[in-house]
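Here the structure comes first, spelled out in C-alpha cells, and everything after it is commentary.
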Amino acid sequence: MCKLFLILFFSLFLQSCKNTNEQIYSDSNISNLKAKDIVFIFNKDSSNISTSYLVPTKIKYSKYNDFHEYFIEVDRYKEIDTVVLNNINTKICIKHFFNKLDASYYVFMPGDTIIFNYTKGIPHVTLKGRNTKKSDLSFWIKEKTSEPNDINSQKKYETHKIYTENNLKKLDSLFKTKSLSEDQYLLNRNQLYYYHINVNKDMFDFENIDISDLKKDEYLCLGSYKYFVENYVLYKAKLEVDKNDSFKFDFQKAFDYTYASNEFSYSVKEFFLFRMLVSMKGNLPKKVLDSYYEKFKLFCKNQSVLKELNDIYFIGDFINHVENKTLVITKFRDKIELIDIVQKNKDSIIYIDFWASWCAPCRASFPASKKLHKKYKDKPVKFIYVSVDKDFDAWQKASIKEALDYKNSFLAINYPETNFYEENQLKSIPRYMIFYKGKLVNNNAPNPSNFEIEKELDKYLLKN
C-alpha cells in the first residue's frame with residue numbers, strides 16, 4: 001500500500017516538476033525548427049548487455065533562474081528518439097540519469113542540437129552547430145573521480161570533503177587551461193559544492209555561510225542548490241525532520257521563518273515559500289492553508305506562480321472555501337461533487353478506484369481493472385477512477401499513459417479535508433469502494449485482481 005504522505009525528493013522536488021513543452025519527432029521529420037528550439041537526438045544503445053541496463057533514460061531539465069523542473073523520458077533501445085523543446089528563451093541545465101544511480105550535468109542553449117550515443121547505458125554527448133570546450137560534455141563521465149562508497153560514519157565528512165575538493169581542483173584546472181566553458185564550469189562547481197553540503201548537512205557550519213549562497217537565483221535550476229536552501233532553513237529555524245519520514249518537517253514554521261527573513265533573494269524566497277505551500281496541502285486544515293496562501297499572495301509578484309498554485313495544485317481561489325463537499329474535477333477542470341457522480345449513475349453498481357500517478361501498486365492494478373471492465377461491459381457496472389494526486393499535470397500524464405476513459409476519470413481537489421475521506425479512513429491507496437443504488441455498501445472492496453471482486457459485483461447485480 002502507498003501511504004498518502006507528501007514525498008519530497010531532495011534532488012527532484014516532485015511538487016515542482018511539470019510536463020515538458022516538447023514534441024516527439026522521428027529523425028526524418030524535424031523540419032520547421034526555429035532558432036529558439038533545442039533538439040535532442042537519442043541513438044540506440046546497441047551494446048550486448050544484460051537486461052539490468054534495460055531501463056528508460058530519464059532526463060531532467062530546468063531553465064536558468066527558474067525553480068521548475070521538467071522531465072523527458074526516452075527509450076534508448078529504440079532505433080532513434082528525437083525530442084524538440086520549443087521556444088526556449090534561456091540557457092537550460094540538464095541532469096541526465098544513467099545506470100540507476102549516476103548522473104551527468106550539462107548546459108545547453110536555444111538553437112542547440114544535442115546527440116546522445118550510449119555504451120552500456122553510459123551517455124556520450126556531441127553538440128551540432130556550436131563549438132564547445134574539450135571537457136564541456138565529458139567531465140562527469142571521464143574526468144570526475146568516483147564518489148566514495150561505504151564510508152565509516154566517523155570519517156564520512158572528511159572523506160567526502162577530500163573527494164569534493166579534489167574534483168573542484170580538477171574543475172579549476174580544466175577551466176584555467178580553457179578546457180571548460182564558463183557556464184559549464186560554474187554549473188559543475190555549484191553542483192559539487194552544494195551536493196557535498198547536503199550529504200554532510202549534520203556536520204556543516206551553516207552559521208558561517210556566505211550570504212551570497214542565499215541569493216543564487218541562476219542555480220535554482222539545480223536540485224542540489226534547492227535542497228541546500230531547505231537544509232539552511234531547517235538549521236536556522238531549529239526544525240527536525242519526522243522520525244518516520246525524513247522528508248517531512250514542520251512546513252508552517254519553515255514558511256514563517258523564510259517569510260520573515262531578509263537573507264534570501266526574492267527568487268530564492270519565492271521558490272521556498274512556494275514549496276512550503278505545496279507541502280502543506282494535505283497536511284493542514286484548509287482554513288490554515290488558505291491563510292498561508294493569502295500571505296504568499298502579498299509577497300508574490302509573479303502572477304504565473306499564483307496561477308500555478310490555483311490551476312495545478314488547487315491552492316487558493318480555485319476551491320472557493322467550500323466546506324465538507326467532496327470535490328473532483330474533470331480533465332476540463334470542471335468541478336463536480338463525488339456524490340453527484342454517484343447519484344447520476346445510481347442505476348448501476350459503481351466501483352471506484354482511488355489511486356495516484358506516483359503509486360506503483362495502484363498503476364500495477366490497471367491491467368486487471370481493464371480485464372474486469374471488459375468482462376462487465378454489457379452489465380450495469382460503472383468503473384470510476386479518482387486520483388488523489390496533488391498535481392493536475394501529473395494526473396493527466398498518468399491517465400493518458402494508462403488509457404483511462406476521461407469521462408470516468410477524475411481528480412480529487414480537496415483530499416483529505418472532507419468528512420467522506422475521514423469517515424472512511426481513506427489514508428492509503430490503492431483503495432476501492434462499491435456503491436449500490438446511490439449508497440456506499442463496501443468502503444474497502446477487493447482489488448481488481450482479487451477473484452473476490454467478481455463475487456462482490458455479482459452479488460449486487462443479482463439484487464439489481
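Note that the numbering runs from 1 along the sequence shown for the chain.
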Are side-chain heavy atoms of [X] and [Y] found at a separation under 4.5 Å?
X    : Y    : value
I429 : W358 : yes
D353 : V386 : no
I88  : D37  : no
F42  : T82  : no
N188 : W140 : yes
K226 : E69  : yes
F108 : F40  : yes

Does any donor atom in the side chain of [X] or [Y] lie under 3.5 Å from an acceptor atom in the other side chain?
X    : Y    : value
R189 : Y185 : yes
W355 : D389 : no
K144 : Y163 : yes
Q252 : Y257 : no
Y105 : Q184 : no

Parallel under 30°, tilted from 30 to 60°, perpendicular over 60°: which one fits the rings of [X] and [Y]?
X    : Y    : value
Y118 : H96  : tilted
Y421 : Y415 : perpendicular
Y106 : F116 : perpendicular
Y195 : H160 : tilted
W395 : F392 : perpendicular

Between the side chains of [Y] and [X], is the shortest nitrogen-to-carboxylate-oxygen separation below 4.0 Å, so that they form an ion pair?
X    : Y    : result
D256 : K295 : yes
E270 : K301 : no
E402 : R363 : yes
K248 : E240 : no

Nearest 0.5 angstrom please: [X] [atom1] to [Y] [atom2], how far?
X    : Y    : atom1 : atom2 : value
E230 : S279 : CD    : OG    : 7.5 Å
D250 : L239 : CG    : CG    : 6.0 Å
T90  : K36  : OG1   : NZ    : 10.5 Å

Kindly write out the residues that satisfy salt bridge (Lys or Arg N to Asp or Glu O under 4.0 Å) with E182, not counting sequence neighbours, or none if the list is empty. none
After noting the C-alpha distance and the side-chain angles of L85 and I92, does the key distance pass the side-chain contact (heavy atoms from CB on, under 4.5 Å) rule? CA-CA 11 Å; L85 305 182; I92 64 171; 4.1 Å; yes
Give the C-alpha distance, both sets of side-chain angles, the deciding distance and a yes or no for side-chain contact (heavy atoms from CB on, under 4.5 Å) between D136 and L180. CA-CA 5 Å; D136 277 354; L180 268 179; 3.4 Å; yes
Donor-acceptor contacts under 3.5 Å from residues 121-128 side chains, at least two apart:
none

With no hydrogens and no angle check, is any side-chain donor or acceptor of [X] less than 3.5 Å from a backbone partner on [Y]?
X    : Y    : answer
N190 : L186 : yes
D112 : M109 : yes
N166 : T145 : no
N200 : H196 : yes
N198 : S224 : yes
N43  : N117 : no
N310 : L306 : yes
S135 : S138 : no
D405 : K407 : yes
K269 : Y259 : yes

Before you tell me yes or no, could you show the steps for Y266 and F299 under ring-ring contact (aromatic ring centres under 6.0 Å, His included), namely the whole-Å CA-CA distance, both residues' side-chain angles and the distance that decides it to 0.1 Å? CA-CA 9 Å; Y266 170 81; F299 164 79; 4.9 Å; yes
Just wondering, more than 12 heavy atoms not from K133 lying within 6.0 Å of its NZ? no
ring-ring contact (aromatic ring centres under 6.0 Å, His included) between F67 and F271, worked out: CA-CA 6 Å; F67 65 83; F271 146 69; 5.6 Å; yes
Would you name the heavy atoms of D183 and Y64 that are closest together and state the gap between them? O-OH, 4.2 Å
Just to verify, which of F366, Y406, Y432 counts as forming a ring-ring contact (aromatic ring centres under 6.0 Å, His included) with Y385? F366
According to salt bridge (charged side-chain N to carboxylate O under 4.0 Å, His left out), does anything in residues 193-216 pair up with another residue at least two apart or in another chain? List the pairs. E207-K236, D213-K216
